[in-house]
Each structure stands twice: as structure tokens, then as C-alpha cells.
Protein chains: 2
Amino acid sequence: MTTKPDGEEVIFEQPCPIRDVLDRIGNQWSLLILEALAPGTLRFNALMREIGDISKQMLSRTLKQLEQDGFITRTLYPEVPPRVEYTLTPLGHSFLEPMQRLVNWADTHHHAIVAARARYQAENDQA
Amino acid sequence: MTTKPDGEEVIFEQPCPIRDVLDRIGNQWSLLILEALAPGTLRFNALMREIGDISKQMLSRTLKQLEQDGFITRTLYPEVPPRVEYTLTPLGHSFLEPMQRLVNWADTHHHAIVAARARYQAENDQA
DNA sequence: CAGGATCCTCACAGATACTG
DNA sequence: CAGTATCTGTGAGGATCCTG
């Protein structure tokens, strides 16, 4: 997907913005980070505690991605010990709105999904 | 994550509905399938053509997942050659609404993300 | 036509250890 | 405190072949 058969580099790999965006923010870590930052600025370790079961590396990587994509800003205070604060950008905030709708949907319909799974299971158990 | 240290089975693995839901529908294939089915019923190969670059296996797997979770229904017509139709359930339809918001957001802000990436790149190239 | 079974691989994510 | 470097496994996903 990154190179054509003839080896020529492909510049525009994302003809579809939806895929592009989903590739970045489609994973739970990105979402959870953005949610964690919704109330306000947080430091690195504070984020770790907030999310709970994310490794330092994944947090670091995902934060960098989010920064690259313009969802958050990273502010380094050159103190000792160092302090780094992460904040949502306007873009990040604007993303939260449609995201919140999805989260609400998930909350509302979660039971229906669980029920559907149980039903499916039951139907296939009596085989 | 599937078993506790002592080997006891963990029944409730998803204390957080958001994670649970996102795990299922967070991948691009699920989304693209749901989008493809939004206008109406489609058959297996029609779905393949619609989505474009999905393998039979992934399509098959993802469809089964979506069926299990109650997003779509699978209808087999016992003909020769066989015909299978996939349709959104009410649950699947209801999901499309918040999803559409997200897609719209992606469309609207895609350029901003691309710009942010370019800016980030530029800043780090002059190192 | 609509998939199941099988094999493969490579990119993502975890753990650990080191650094400014 | 806030990361990076390295190493390793795990499993998502592709390719191919086979079947009802």
C-alpha cells in the first residue's frame, strides 16, 4: 500500500479522509487520551494515572501522533525536574463534540449489543 | 487480560462500554461496511466491490462480528447459486447517526490535520 | 456465489532498561 | 519527571486454495 508495483512512491495514500482520520483516532488510546484531556490540561504521569492501563511507551507515541495531527499541544517547561503539559487545541476540542455523541451512543446501546451477542451465542450453542 | 493471575476466568472484561464498543466498531472495516450498507441491502460480492480493497476473509469476519453485535442481519436464500444479503438492523441504523457526524467532522477538518502534519514536519526538519 | 481453512508476515503493542 | 531505545511476541490481516 505504500509503494506501487513499479516502486514509485505514492504521495497521496489517502483518497478517503475518513479512513485517514479513523486510522489515527480510531484506536482506543487516542480516544481515551482526548477524553482525559477534555476537562483540561494534564501532565504526562497524570495522564497515565487517568487512563490507568496504558504503558509509557504507548502514551508517549500516541501523544506525539496527536500532537502531529494538531489535536493537542505539548508544552515543555524547562525546569528540574522537567514538567510537560498537554492541552487540547481548538481542533481537538472540536473533535470532542462528534466524539461525545458516539460515546453517548455507546453508553445507551451497550446493553443492546451485549444482548445481541448473548442471543447469537445461544442460537449457535443449540447446534 | 482474559484471565486473572490465579487463572480464574474473568466474565466481565468490559467495565467501560466505550472501550467495548470501540473495540468492535473502531476499525475501518466495520465502519466502511456499515457505511456501505447505509443506502440499503447488499450482497457479499457487492459489498466487496463497494469497499474496494477488503479481502474476502476480512469482509467475512467483520460481517460476522457485526451480525453478532446486532448491527446487521444476514439472510441466506437457499438457492443455487447461493445468495446472501446483508441489511442494517435498527440498531445499526441508529449507530449511523452519530457515526455520520464523525465522518462529517473528518471531511471538514481533514485539511487542518494535513496542514498540522506538514507544519510539524517542517519544524522538525530544520533541526 | 459465498464463504471456511490454512499459512504467512509484519506492524503494533508490551516489558524492560537507560537518559536528560 | 518525562520520556527514548531495544527487543520480543502476538495477532490482525493478506494470499491462496477448497467447498456447499
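We name chains A, B, ... by the order of the sequence lines, and we start the count at 1 in each one.
At the phosphate of C/dG4, OP1 or OP2 sits under 4.0 Å from a side-chain N or O atom of B/Lys64. Within the 4.0 Å cut-off from OP1 or OP2 of D/dG14, at least one side-chain nitrogen or oxygen of B/Ser55 is found. Phosphate proximity of C/dA2 to B/Arg83: absent, as no side-chain N or O sits under 4.0 Å from OP1 or OP2. Taking only side-chain nitrogens and oxygens, A/Tyr86 comes nearer than 4.0 Å to OP1 or OP2 of D/dG3. An OP1 or OP2 oxygen of C/dA2 is reached within less than 4.0 angstrom by no side-chain nitrogen or oxygen of B/Ser60.
Rounding to whole angstrom units, CZ of residue B/Arg74 and C1' of C/dG4 are separated by 12 Å. Computed from coordinates, the A/Leu59 CG to C/dG14 C1' distance equals 14 Å when rounded to whole Å. Whole-Å rounding puts the B/Leu76 CG to C/dA2 P distance at 10 Å. Rounded to whole Å, the distance from CZ on B/Arg43 to P on C/dC1 is 8 Å. Nucleotide D/dC1 holds its P atom 15 Å from the CG atom of A/Leu42, rounded to whole Å. When rounded to the nearest whole Å, the span between NZ of A/Lys56 and C1' of C/dT19 equals 11 Å.
Note on residues 76-96 of chain A: pairs passing side-chain hydrogen bond (donor to acceptor under 3.5 Å, both in side chains), not counting sequence neighbours, are A/Thr41-A/Thr87, A/Tyr77-A/Glu85, A/Glu79-A/Arg83, A/Arg83-A/Glu85, A/Ser94-B/Trp105.
Taken from NE2 in B/His110 to CG in A/Asp69, the straight-line distance is 9.0 Å, to the nearest 0.5 Å.
Rounded to 10 degrees, the angle between the two end axes of the helix from C/dC1-D/dG20 to C/dG20-D/dC1 is 50°, with five pairs used at each end.
In terms of heavy-atom proximity, B/Trp29 sits nearest to B/Asp53 at CH2-O, 3.5 Å. For A/Ile113 against B/Val21, the heavy-atom pair with the smallest separation is CD1-CG2, 4.0 Å. Residues A/Leu76 and A/Pro78 approach most closely at O-CD, 3.5 Å, considering heavy atoms. Closest approach of A/Met58 and A/Thr62 over heavy atoms only: O-OG1, 2.6 Å.
Using a 4.0 Å heavy-atom distance criterion, B/Gln57 is classed as a base contact.
Atom CD of B/Glu97 is surrounded by 12 or fewer heavy atoms from other residues, nucleotides or ligands within 6.0 Å.
At a cut-off of 3.5 Å, with distance as the only test, a side-chain donor of A/Gln57 or A/Arg61 sits close to an acceptor on the other residue.
The cluster map of Ile, Leu, Val, Met, Phe, Trp and Tyr, joined by side-chain heavy atoms under 4.5 Å apart, puts B/Leu34 and B/Val103 in the same cluster.
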Protein-nucleotides 8-12 of chain D N/O pairs closer than 3.5 Å?
none

